[in-house]
There are 2 protein chains.
Amino acid sequence: MARRNDHTPDELRAMALAAAREIAAAEGLRGLAVRRVAEKIGYAPGTLYNLFDSLDALILALNGETLARLGMELVRAAEGNPAGRAAALVDAYFDFVERQPLLWSVIFEHRMPGEGDLPAWYSEGLSGLIDGTVAALAPVLGDWPEEDRRPAVVAMWAALHGLSMLAVSGKLALVSDAPPRSLGHLVVNRVIGGG
Amino acid sequence: MARRNDHTPDELRAMALAAAREIAAAEGLRGLAVRRVAEKIGYAPGTLYNLFDSLDALILALNGETLARLGMELVRAAEGNPAGRAAALVDAYFDFVERQPLLWSVIFEHRMPGEGDLPAWYSEGLSGLIDGTVAALAPVLGDWPEEDRRPAVVAMWAALHGLSMLAVSGKLALVSDAPPRSLGHLVVNRVIGGG
DNA sequence: AGCCGATATTGAACGGCGTTCAAAACAGTG
DNA sequence: CACTGTTTTGAACGCCGTTCAATATCGGCT
């Protein structure tokens with residue numbers, strides 16, 4: 001058995017990530033197993049270790065894709081008129097989360113083992129998301145001093161993450177009947193303005 | 001082998017939770033295994049299933065304890081003068097998280113399997129935490145309308161959870177050099193005032 | 001065409017996991 | 001002392017991530 005050459009390594013990686021995304025969207029992190037992904041793309045488990053260092057690396061790549069997709073939708077949402085941009089971002093964020101809550105939850109539930117630092121590309125992806133938001137919200141932020149903007153945007157993102165995480169895990173509904181989205185608008189309104 | 005009667009079931013439960021807490025504090029959710037807990041308390045794995053329905057139930061109980069401990073510290077922190085209460089709560093929160101970050105991260109990383117709803121005692125514990133905060137912050141909230149208070153407090157908690165989660169998983173440091181605590185003060189300041 | 005070195009792919013194997021359950025060991029009662 | 005009822009055990013099951021020697025296929029060479 002070898003060298004089927006049906007697909008290039010890049011194709012295989014894409015196939016594996018697509019399969020992993022399907023499983024994650026349907027069953028969350030618990031169902032995401034090497035053997036399941038391998039079976040879904042028609043290869044043996046060992047093959048995945050030619051494409052990724054470990055299951056953790058695969059999941060990290062999946063989360064990177066998920067964040068990139070969110071980024072795309074946010075960019076599109078920020079194209080409207082500047083006044084309503086913060087609110088549009090919040091709505092796009094919750095639209096995205098509500099569309100595939102289990103896939104989204106993988107971002108929070110997964111942790112690299114040990115002291116494992118996150119790779120550079122992941123860090124850059126996150127920074128890009130923040131920078132994009134700072135730029136998109138520049139009209140809303142108006143006369144804010146330069147050094148106050150990034151912390152506020154970071155805090156805003158963390159708050160939205162907290163809300164979506166609690167919402168997705170069912171814990172938010174235990175303490176609030178208000179929909180997560182409206183709490184998101186509330187927070188962004190207070191932290192940034194115009195949310 | 002049986003009926004050693006060394007300990008009552010309640011004692012055993014407490015021992016198991018203590019062992020689980022030690023493991024979680026040292027290694028996070030990944031190291032938290034039935035066999036490890038059992039070995040740590042000097043019993044066979046099967047015995048734990050007389051005390052808890054499943055490992056998930058054990059972890060849920062552990063998280064319940066962790067939240068209760070946080071609650072105790074928050075109550076103590078809110079005893080000071082009303083003006084600085086919001087800030088004191090934020091500091092107590094981050095003190096708690098920073099003392100045992102891996103134990104804290106278990107709260108976010110663990111999810112009940114399937115559609116599994118959370119038990120009533122968990123829900124009540126969470127509600128109690130929120131209600132306590134609403135009451136403690138009553139002086140700060142001043143003339144807020146009654147129906148606006150709870151949503152704001154819930155949003156504040158979610159924001160703090162988001163910050164601590166990103167901080168504990170190492171993702172916050174990737175996009176911000178400001179310490180998590182200061183972002184916490186920022187958010188609470190904006191959402192509640194006086195943070 | 002036939003061969004060969006290189007390599008992508010396999011699948012069995014290992015240790016560990018959560019969970020179950022029949023058997024066993026004990027405490028308490030009469 | 002025997003019997004009952006319960007606690008505790010540990011082997012067993014099916015799953016997991018991961019490794020690696022064996023193997024089947026490819027591209028290039030003669």
Side-chain angles (χ1 to χ4, degrees), chain A residues 1-17 19-24 26-63 106 109-116, chain B residues 1-17 19-24 26-63 106 109-116:
Chain A
M1 4 227 106
R3 190 69 82 97
R4 302 196 328 208
N5 253 18
D6 290 347
H7 308 94
T8 72
D10 281 341
E11 281 175 335
L12 276 179
R13 254 183 288 270
M15 287 165 60
L17 285 174
R21 189 164 49 243
E22 275 186 45
I23 296 172
E27 307 177 33
L29 187 58
R30 281 182 121 96
L32 207 43
V34 173
R35 289 171 161 87
R36 299 270 314 275
V37 174
E39 188 194 20
K40 223 167 177 4
I41 64 173
Y43 278 76
T47 299
L48 286 176
Y49 287 84
N50 298 343
L51 311 170
F52 300 93
D53 286 347
S54 64
L55 175 61
D56 288 300
L58 192 160
I59 296 175
L60 198 66
L62 175 64
N63 284 342
V106 173
E109 287 164 37
H110 180 253
R111 284 270 311 264
M112 275 294 161
E115 311 280 319
Chain B
M1 3 225 105
R3 188 69 81 102
R4 300 191 335 204
N5 253 17
D6 291 345
H7 309 94
T8 71
D10 282 340
E11 281 175 335
L12 276 179
R13 254 183 289 269
M15 289 165 59
L17 285 173
R21 189 164 48 244
E22 275 186 44
I23 296 173
E27 308 177 34
L29 187 57
R30 280 181 121 94
L32 206 45
V34 173
R35 289 171 162 88
R36 298 270 312 276
V37 174
E39 188 194 21
K40 220 167 180 3
I41 66 173
Y43 278 75
T47 299
L48 286 176
Y49 288 83
N50 297 343
L51 312 169
F52 300 93
D53 286 347
S54 64
L55 175 60
D56 288 300
L58 192 161
I59 296 175
L60 198 66
L62 175 64
N63 284 341
V106 173
E109 288 165 35
H110 180 253
R111 283 271 310 266
M112 275 292 162
E115 313 280 318

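What you see below is based on every heavy atom in this structure, not just the backbone, and it leaves out hydrogens, waters and symmetry mates. Residue numbering restarts at 1 for every chain, and letters A, B, ... go by the order of the sequence lines.
Here B:Leu55 pairs with B:Val34, B:Ile59 under the side-chain contact (heavy atoms from CB on, under 4.5 Å) rule; sequence neighbours left out. In this structure, the side-chain contact (heavy atoms from CB on, under 4.5 Å) partners of B:Asp53, at least two apart in sequence or on a different chain, are B:Ala57. Residues satisfying the salt bridge (Lys or Arg N to Asp or Glu O under 4.0 Å) criterion with B:Arg36, sequence neighbours excluded, are B:Glu27. Annotation: side-chain hydrogen bond (donor to acceptor under 3.5 Å, both in side chains) contacts of B:Arg30 (sequence neighbours excluded): A:Asp56. Here B:Leu51 pairs with B:Leu12, B:Arg13, B:Leu48 under the side-chain contact (heavy atoms from CB on, under 4.5 Å) rule; sequence neighbours left out.
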Please write out the pairs of protein N or O atoms and N or O atoms of nucleotides 17-19 of chain D separated by less than 3.5 Å, giving the distance to one decimal.
from: D:dG17; atom 1: OP1; to: A:Val34; atom 2: N; distance (Å): 3.1
from: D:dG17; atom 1: OP2; to: A:Val34; atom 2: N; distance (Å): 2.9
from: D:dG17; atom 1: N7; to: A:Arg35; atom 2: NH1; distance (Å): 2.4
from: D:dG17; atom 1: O6; to: A:Arg35; atom 2: NH2; distance (Å): 2.8
from: D:dT18; atom 1: OP2; to: A:Tyr49; atom 2: OH; distance (Å): 2.6
from: D:dT18; atom 1: OP2; to: A:Leu55; atom 2: N; distance (Å): 2.8
from: D:dT18; atom 1: O5'; to: A:Tyr49; atom 2: OH; distance (Å): 3.2

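In this structure, CG of A:Leu29 is placed 13 Å from C1' of D:dC16, rounded to the nearest angstrom. When rounded to the nearest whole Å, the span between CG of A:Asn50 and P of D:dA21 equals 15 Å. Rounded to whole Å, the distance from OH on A:Tyr43 to P on C:dT10 is 7 Å. Taking atom CZ of A:Arg13 as the reference point, atom C1' of C:dT9 lies 15 Å away to the nearest angstrom. Rounded to whole angstrom, the span from the CG atom of B:Leu48 across to the P atom of C:dT19 amounts to 10 Å. Distance A:Ile59 CD1 to D:dC16 P: 13 Å, rounded to the nearest Å. In this structure, the CG atom of B:Leu12 is 14 Å from the C1' atom of D:dT9, given to the nearest Å. When the C1' atom of C:dT10 is taken as reference, atom CD of A:Glu39 falls 15 Å away, rounded to whole Å.
Counting heavy atoms from C-beta outward, A:Phe52 and A:Leu17 have side chains that approach closer than 4.5 Å.
Phosphate contact (OP1/OP2 of D:dT9, side-chain N/O of B:Thr47, threshold under 4.0 Å): present.
Within the nucleic acid shown, B:Leu51 has no heavy atom closer than 4.0 Å to any nucleic acid atom.
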